[in-house]
Participant: 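Have a look at this one.
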There are 2 protein chains.
Amino acid sequence: MLTTTDPALRIKSAAVLMFAQRGYAATSIRDLAKAVNMTNAGIYHHVASKEALLAGLMREGHAGLIETTHRLLDGVDRPRDRLALLIGSLTAIHALNPMTTRVMDGELRSLTPGSGAHDEIIALRDAYEGIWRDTIAEGVARGAFIVANQKLSRLALMSMCTGTSEWYRPDGESPLEEVCAEFVGIGLTAVNADPASRIPHLDLSLLPIYPWEPR
Amino acid sequence: MLTTTDPALRIKSAAVLMFAQRGYAATSIRDLAKAVNMTNAGIYHHVASKEALLAGLMREGHAGLIETTHRLLDGVDRPRDRLALLIGSLTAIHALNPMTTRVMDGELRSLTPGSGAHDEIIALRDAYEGIWRDTIAEGVARGAFIVANQKLSRLALMSMCTGTSEWYRPDGESPLEEVCAEFVGIGLTAVNADPASRIPHLDLSLLPIYPWEPR
DNA sequence: CTAGCTACCGAACGCCCGTTAGGTGTAGGA
DNA sequence: TCCTACACCTAACGGGCGTTCGGTAGCTAG
């Protein structure tokens, strides 16, 4: 329950929390309504359907991730620096928005296959993965990375980053900067990138905290 | 739908498939019954409840993982070798049993909190994580590993391994041996283990394929 | 031939689901 | 003062849910 006045945002906030914790299928409109002090019918004044609510969260989530990533990488040329920013930002966004990213990463199966929303989210996810794919391919082509299998390396690194939303706690023992630095270090050595030269600084304040992410 | 004659096993097999693909909450007993050519009532001759079915899969899954791990590590003394076996086996078990491991990793939230089953699975999961924790701590204590933060390194590596169940395909471009070798390499360099000495061989045929894992 | 067991089925129980139709109250502008 | 727009409500719809009860068909042992 958030202190925002905008009811649509309060609904999104409660929804992303419950979808992340119990799962979409296990969350009823009535549960959601109770969390924002409405009746089930009241929800439908702000939301077309339960599935449209999920689709909206996932669409805006992915769009924000892609937009932020393009902004961060803009003007960065060296593959090693680009990969460092990809690893750091994906990790940090998962740490800063655990509920939203859990829904983004885990609830694709809850969108009706073949519906426009389903295809749209898949396209967004593929677009994001394409940035990683291209970055690694470019690094290998330029001789900046040496890997046995590009796809394997990418999947290993992305799993490591996305896993962050499952365990990171802001009041835990390791500050976010340390997590990102550690993961960037692991990632760069995993692709045999030059370990000597400086790693570009990642300004965490440039990363999105989704307005509906529960506080 | 499996060709086994044992109906209890056919139910487990269909259940783990549907739980992994749609999620526990989105799978009904009637769906499950249809998949094994029974009526909903017929299921209850073999299973006490829907939740007991999930709990059984998770309990036996974790128990098999822990038992296999202890067997693999038995007699292996050097932390570097132990960690290599942990990484390789966790990766391979996720690749060989994608449905079971997805349920094990993702459906803990579907067990009623405070129920015996819920606490039991948490204890099993903690026991398994303890093996990793102890291995890394021992390696650091003995000077075999150098890490900034033990918990961070463990979580990064385990996320990488468990992610395998989400993307690995037996008919894909990389054979399982390559995946394991690659991940072991990434993991050992992540903890700054001695990169020179030989990595112990992991016999994939020693790893469990759960009898209910769909084929 | 019968008794008992296993493996089911048909029908129903009470409950909860997503969604909708139609109404109510309130706030702000003309 | 009336009007419109918004933000919600009560009540209900058809349907699916997990689960249970009371069977029944088929097999095996005595």
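Keep in mind that this is a model prediction, so the values were computed, not measured. Numbers restart at 1 for each chain; the letters A, B, ... are given by sequence-line order, proteins then strands.
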Participant: Please tell me if the side chains of A:E107 and A:L57 come closer than 4.5 Å, counting only heavy atoms from C-beta onward.
Facilitator: no
Participant: Indicate, with a heavy-atom threshold strictly under 4.0 Å, whether A:T39 touches base, sugar-phosphate, or nothing.
Facilitator: base
Participant: Look up atom OG1 in B:T91 and atom CG in B:L96, then write down how far apart they are to the nearest 0.5 Å.
Facilitator: 10.5 Å
Participant: Measure CG/A:L32 against C1'/C:dG18 and give the value in whole Å, please.
Facilitator: 12 Å
Participant: Figure out the CD1/P separation between A:I43 and C:dC17, and round it to whole Å.
Facilitator: 13 Å
Participant: Could you check which of C:dA7, D:dT19, D:dA7 has an atom nearest any side-chain atom of A:H46?
Facilitator: D:dA7
Participant: Is there a side-chain contact between A:E138 and A:R82 in this structure, where contact means two heavy atoms from C-beta onward sitting under 4.5 Å apart?
Facilitator: no
Participant: Roughly, in whole Å, what's the span from CE in B:M18 to P in D:dG18?
Facilitator: 11 Å
Participant: Between C:dC17, D:dA12, D:dC17, which nucleotide gets closest to the side-chain atoms of A:S28?
Facilitator: C:dC17
Participant: Ignoring hydrogens and angles, answer whether the base of D:dG16 and the side-chain atoms of B:R30 contain a donor-acceptor pair closer than 3.5 Å.
Facilitator: no
Participant: Of the listed nucleotides (C:dG18, D:dC17, C:dC9), which one gets closest to any side-chain atom of B:A41?
Facilitator: C:dC9
Participant: Give the rounded distance in Å between these two atoms: CG of A:L53 and P of C:dG18.
Facilitator: 11 Å
Participant: Closest approach of A:Y210 and A:R215, non-hydrogen atoms and distance?
Facilitator: O-NH2, 3.6 Å
Participant: In whole angstrom, give the distance that lies between atom CG of B:N40 and atom P of C:dC13.
Facilitator: 15 Å
Participant: Send over the distance from A:D31 CG to C:dG18 C1', rounded to a whole Å.
Facilitator: 13 Å
Participant: Measure from the side-chain heavy atoms of A:M38 and tell me the nearest of D:dC8, D:dC17, C:dC8.
Facilitator: D:dC8
Participant: Tell me whether A:Y24 contacts the main-chain N or O of A:R109 through its side chain, where contact means a donor paired with an acceptor under 3.5 Å.
Facilitator: no
Participant: Could you check how far CG of A:D6 sits from C1' of D:dA7, rounded to whole Å?
Facilitator: 12 Å
Participant: What integer distance in Å separates A:N37:CG from D:dC9:C1'?
Facilitator: 14 Å
Participant: Examine C:dA7: is either OP1 or OP2 under 4.0 Å from a nitrogen or oxygen in the side chain of B:H45? Give yes or no.
Facilitator: yes
